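Read the structure below first, then the notes.
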Amino acid sequence: MSERLSPGAKFRKALINNKPLQVVGTINAYTAMMAQQNGHQAIYLSGGGVANASYGLPDLGMTSLNDVLADVSRITSACDLPLLVDIDTGWGGAFNIAKTIRDMEKAGAAAVHIEDQVAQKRCGHRPNKEIVSTEEMVDRIKAAVDARTDPDFFIMARTDAFAQEGLEKALERAKAYVAAGADGIFAEAVKTEEHYRAFSEALDVPILANMTEFGQTELWTREQLGEWGAGIILYPLSAFRAMNKAAEAVYRALLEDGHQRNVIDTMQTRMELYDYLGYHDYEQKLDALFAEGKNK
Ligand SMILES: C[C@](O)(C(=O)O)[C@H](CC(=O)O)C(=O)O
Ligand SMILES: [Mg+2]
C-alpha cells in the first residue's frame, strides 16, 4: 500500500531524502506537472511570480491572500508534489496570519515562508527594504505556528535583515525565529560561502539558499551550497524567466518575419504538451465511452 502522507509530511520526507533539496518555482498547474514528471521532489509558488504572471503587478505586496490561494489551489489540484508557498508578510496581524496558515493548509500547501519585512514589502534583492522588529516577527511566527492543524505543515521564517543589519544581527534574528517555532530559515540575499556556513552552523533547522537570478547572490551550485550546509535550494523564477524570454522571441518573430518558422524549434510540440497532461488516456476513455454509447 502506498503511504498517505499529508503535504507537510511529504515536504519533510523530501527534505530528509534530498540533501540539499532543490525546490523549483512552478508558475502554474502545467509547469508543476512538468517539474514532477522531470523528477523534481518539491515545488514553489513565488509571491513575485503570482504578482507578475497572474496579475501583471510588481512584487510589492499588492497581491492578497485570496490572489495567492487561487494559484495554490490550481497547482495542488494538478500536482501532488509538496508545494512551498511564499506568503510574503502573512497579510496582516496575528488573526490574519492564523487565517493565512489555515487557508494554505486547506488549499493543500505543504509549507510556507513568512518574512520580516514591513507590509509595504519589496523583492528581497532590491535596495531600501524595511524590516519590522525582532519582537514583531516573533509574534508573526508564533501566530503561524499556533494556527497550523497538521504538525508537519512546515513554517519557514525568512529574514531580510542581512541587507540592512549585517550578518551578526541577521543570525541573532534567525535564532529568535527558530526559538519561536520556525521549522526552517530562509536567509534572504546573503552572498558568500561564509554567510551560508554561518547560518547553517548557528542553527539546526534547514537553511534555504535563494538562487534567484539577476539578484544579489551568485548562482552557486548544488554541490557548493550542500557543502556549506544549505538544506534547501530555491529557484523561484528560473523557468518563468526562461518562458518569458521564449515568449518575447515568438511575439517579435511573428511581427518581424510574418511567420513562426524561425522560432518553431523553441516551442514545445503538441505531442510533448499532451504527454505531460496524459491527454491520450483521456482521449481513450472518451473513445470507450462513445463506443459504449453506440452499442446500446
Ligand atoms: C523568492 C521571492 O520572494 C519570490 O517572490 O519569488 C523573490 C524572488 C525574486 O524577486 O527574485 C525574492 O527573493 O524576494
Ligand atoms: Mg517573494
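All of these numbers come straight from a predicted model, not from anything done at the bench. Counting starts at 1 for both ligands and their atoms, in listed order.
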Would you say the side-chain atoms of K129 pair up with the backbone N or O of G124, donor to acceptor, closer than 3.5 Å?
yes

Under the ring pair (Phe, Tyr, Trp, His ring centres under 6.0 Å) rule, what pairs show up with a residue in residues 224-263, not counting sequence neighbours?
W220-W228

Restricting to pairs with a member in residues 34-60, which pass ring pair (Phe, Tyr, Trp, His ring centres under 6.0 Å), not counting sequence neighbours?
Y44-H113

Do ligand 1 and H113 have nitrogen or oxygen atoms that lie under 3.5 Å from each other?
no

Indicate yes or no for a side-chain donor-acceptor contact from K285 to the backbone of H280 under 3.5 Å, with no hydrogens or angles considered.
no

G47 versus ligand 1: do any nitrogen or oxygen atoms come within less than 3.5 Å of each other?
yes

Check R158 against ligand 1 and report side chain, backbone, both or neither, counting heavy atoms closer than 4.0 Å.
side chain

Taking distance alone, with N or O pairs closer than 3.5 Å, would you say D86 contacts ligand 1?
yes

Mark the output for Y44 as yes if a heavy-atom distance to ligand 1 is under 4.0 Å, and as no if none is.
yes

With heavy atoms under 4.0 Å as the rule, classify the contact between R241 and ligand 1 as side chain, backbone, both or neither.
side chain

Answer yes or no: is there a donor N or O on one side and an acceptor on the other, between the side chain of D67 and the main chain of T63, under 3.5 Å?
no

In short, ring pair (Phe, Tyr, Trp, His ring centres under 6.0 Å) pairs touching residues 58-89 with sequence neighbours left out are none

Is there a donor-acceptor contact under 3.5 Å from the side chain of R122 to the main chain of N128?
yes

Tell me, which protein residue and heavy-atom name are nearest atom 12 (C) of ligand 1, and how many Å apart are they?
E188 OE2, 3.2 Å

Interfacing atoms of ligand 1 (cut-off 4.0 Å, heavy-atom, T212)
8 (C), 9 (C), 11 (O)

Is the side chain of E115 donor-acceptor paired with the backbone N or O of T159 at a distance under 3.5 Å, no angle test?
no

Counting heavy atoms under 4.0 Å, the part of S46 that contacts ligand 1 is both

Give yes or no for whether the N/O distance cutoff of 3.5 Å, strictly under, is met between G48 and ligand 1.
yes

With 2.8 Å as the limit, count the protein N, O or S atoms near the Mg ion (ligand 2).
1

